[in-house]
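Read through the structure below, which is laid out as structure tokens, and then see the notes.
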Amino acid sequence: MKKEVLDWYIRELRSKVDANLPWYSRWLSRYFNDPYVDLRARWEITSHYIENYDKSVKFNVIKAVIDSVVSSLYNNKVLASFQPVNGLPDTVRACNDAQQYFDIMFEHEKINKKVNDVARMACIFGRGHLFINPITYEIEPLSPHLVAFLNMEKRYHNSTRCLIHYYNYPISMLNKYNIPKRKMPDETNLTCEFEHYIDCELQKQILFVNRQPVLEVPYEHTVLPILTLYYNEPVFGEQTVGVVQELDSIQSIIDDMADNIAEAVRSTPTNQIFLQAGSDLTPNDLDNRGGTVYFVKPTPSVQGPQQAPVTIANPRPHDPIWKQDMDMWIQYAFEQVGKSELSSMGKKPAGLDSGTSLKTFIDIESDRFETQTTHYINSFQDLAELLIEILPENQDILPQSMNSSSMKWGDVKRQAELFKIQFVPISMMSKDPGENQKLVMQLSQSSQVPLYKFARMFNNPDVSAVFKDASAKYDGIRQCIYRALKDEDYDIPIWVEKAT
């Protein structure tokens, strides 16, 4: 490919990043309910923000709805489960090593939290990205304002090029890319404009600092190392809709109503005290800090002993219909995305008094939210498959300190058609230690759980220690079988013989 064509691709991607930035800034400002959000700003809080801080009353319904949606998704904590299609030794061993790697990696890298952060971005911007850095192999969530694909490729679901554009990237973080020192920017600037261009067709990736190429390394994969999670899958191309876009008009109505109510409260006088003229009381005898004292001359028709010398009036700031209308719009905002007062606010909706009606109501809400939940869970499976594709083939699955076999990621890729990846909840066991122990004992009595698996099922370290010897025996025997099948090594270590 000619250099002119490559430069055109990069210019096109850069122009797309710049063109999308105002839109993403708008959606983020609606989420924060703050007009001064700038995604390119070096500092989150500027002097302009402090000087123009808006103290008006705000009902940030958009953030409340998104927080409720993200919280519901976070309850779906899952792990990768590798199941061999057949019982070939190499396939079983590849599944076991990959299973152990992903169990450790998901916990160490906090994958559930990172995917949840991407889901929050999808609610705000319509999409969010999870990036597997092909140089450092770090997994990081990326806001869509940092990522650009070619429209012509994205429209037909065949993206082969992308540009990741970091604004105000810390220069100290460039060290992990091993950029030649002569091409490193001056550290006195603290930050720089950093770009990472990846091209599957040319099989290379180029790093730019302040729009100047500083490093070029190969990229030997056919897919981009980026996962995209949509709140609503695009019908065509990249155009999608997030929660902010759906609720933007409703939030505007609520903002106007809140301003009107707040202004009515501010302009309504507090307690008004009316003192009869000619009485023995004077304004100094009354506490008028909360309002104003007026002298009034009572009308002849109401003069008499029943007329109180002091009358206090409390004007109503606004008609109750304003509050009812605002509650209606807030409820409609939650219902627009398939949420309810029951799940989002811990508030029982009016008219649902029986347990049966509440259960039916929760089931209906779950069905309306099923699409987003399915996208969320599928993203974990897509991440596992992409990691298997991106990680170097000659790299050990597990470190030597943990690994008694020599399986590498290339072996897993070759066995990919012989196993399937499923995602299951992190644990079906109860969080209560007593209930957990009771369930494990029931499974043991029914011979559904062998003794060596007990240590992995108990959450209590004291109880797990009782069964750790049985688990160690099983692991030792399994490795002896693997070595016999793989290397024809039939020697059994003494400690395994004694243990059995």
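Residue indices begin at 1 and follow the sequence shown.
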Is a side-chain donor-acceptor pair under 3.5 Å present for [Y] with [X]?
{"X": "H221", "Y": "Q203", "result": "no"}
{"X": "N151", "Y": "K16", "result": "yes"}
{"X": "D327", "Y": "Y332", "result": "no"}
{"X": "Y74", "Y": "D117", "result": "no"}
{"X": "T240", "Y": "E233", "result": "no"}
{"X": "D199", "Y": "Y197", "result": "yes"}

Looking only at heavy atoms, what is the nearest atom pair of [X] and [Y], with distance?
{"X": "N210", "Y": "P185", "answer": "ND2-CB, 4.3 Å"}
{"X": "L215", "Y": "P180", "answer": "CD1-CD, 4.3 Å"}
{"X": "C192", "Y": "L174", "answer": "SG-CD1, 3.9 Å"}
{"X": "R26", "Y": "S29", "answer": "O-OG, 2.6 Å"}
{"X": "F59", "Y": "Q251", "answer": "O-NE2, 2.8 Å"}

For [X], does the [atom1] atom have more than 12 heavy-atom neighbours from other residues, nucleotides or ligands under 6.0 Å away?
{"X": "K183", "atom1": "NZ", "result": "yes"}
{"X": "E153", "atom1": "CD", "result": "yes"}
{"X": "K176", "atom1": "NZ", "result": "yes"}

field: CA sep, side-chain torsions, deciding dist, call: M152, N158, side chain to side chain contact (heavy atoms under 4.5 Å, CB included)
entry: CA-CA 9 Å; M152 63 187 79; N158 187 30; over 6 Å; no
Would you say the side-chain atoms of [X] pair up with the backbone N or O of [Y], donor to acceptor, closer than 3.5 Å?
{"X": "S25", "Y": "L21", "value": "yes"}
{"X": "N168", "Y": "E193", "value": "no"}
{"X": "N116", "Y": "V70", "value": "yes"}
{"X": "Q245", "Y": "G242", "value": "yes"}
{"X": "S68", "Y": "A64", "value": "no"}
{"X": "N33", "Y": "R30", "value": "no"}

- prompt: Run the salt bridge (charged side-chain N to carboxylate O under 4.0 Å, His left out) check on D67 and K63 step by step: do they pass?
  reply: CA-CA 6 Å; D67 290 348; K63 185 177 185 302; 2.8 Å; yes
- prompt: Honestly, is R127 close enough over Y230, meaning NZ or CZ under 6.0 Å from the six-membered ring centre and within 45° of the axis?
  reply: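 Here R127 fails the 6.0 Å and 45° test against Y230.
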Using ring pair (Phe, Tyr, Trp, His ring centres under 6.0 Å) as the criterion, list what pairs up with [X], not counting sequence neighbours.
{"X": "W409", "answer": "Y101"}
{"X": "F208", "answer": "none"}
{"X": "H375", "answer": "none"}
{"X": "Y166", "answer": "Y169, F194"}

query: Does the pair V115 and Y376 meet the rule for a side chain to side chain contact (heavy atoms under 4.5 Å, CB included), with working shown?
result: CA-CA 8 Å; V115 175; Y376 183 80; 3.7 Å; yes
- request: Please step through side chain to side chain contact (heavy atoms under 4.5 Å, CB included) for the pair F380 and F106, ending with a clear verdict.
  value: CA-CA 10 Å; F380 289 91; F106 267 52; 3.6 Å; yes
message: According to side chain to side chain contact (heavy atoms under 4.5 Å, CB included), who are the partners of E109, at least two apart in sequence or on a separate chain?
response: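 With neighbours one apart ignored, the set is M105, I111, K114.
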Side chain to side chain contact (heavy atoms under 4.5 Å, CB included) against Q205, all qualifying residues, sequence neighbours excluded: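 By the side chain to side chain contact (heavy atoms under 4.5 Å, CB included) rule, Q205 matches P134, I135, H196, I198, V217, Y219.
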field: side chain to side chain contact (heavy atoms under 4.5 Å, CB included) between L207 and E195, worked out
entry: CA-CA 6 Å; L207 303 183; E195 295 169 309; over 6 Å; no
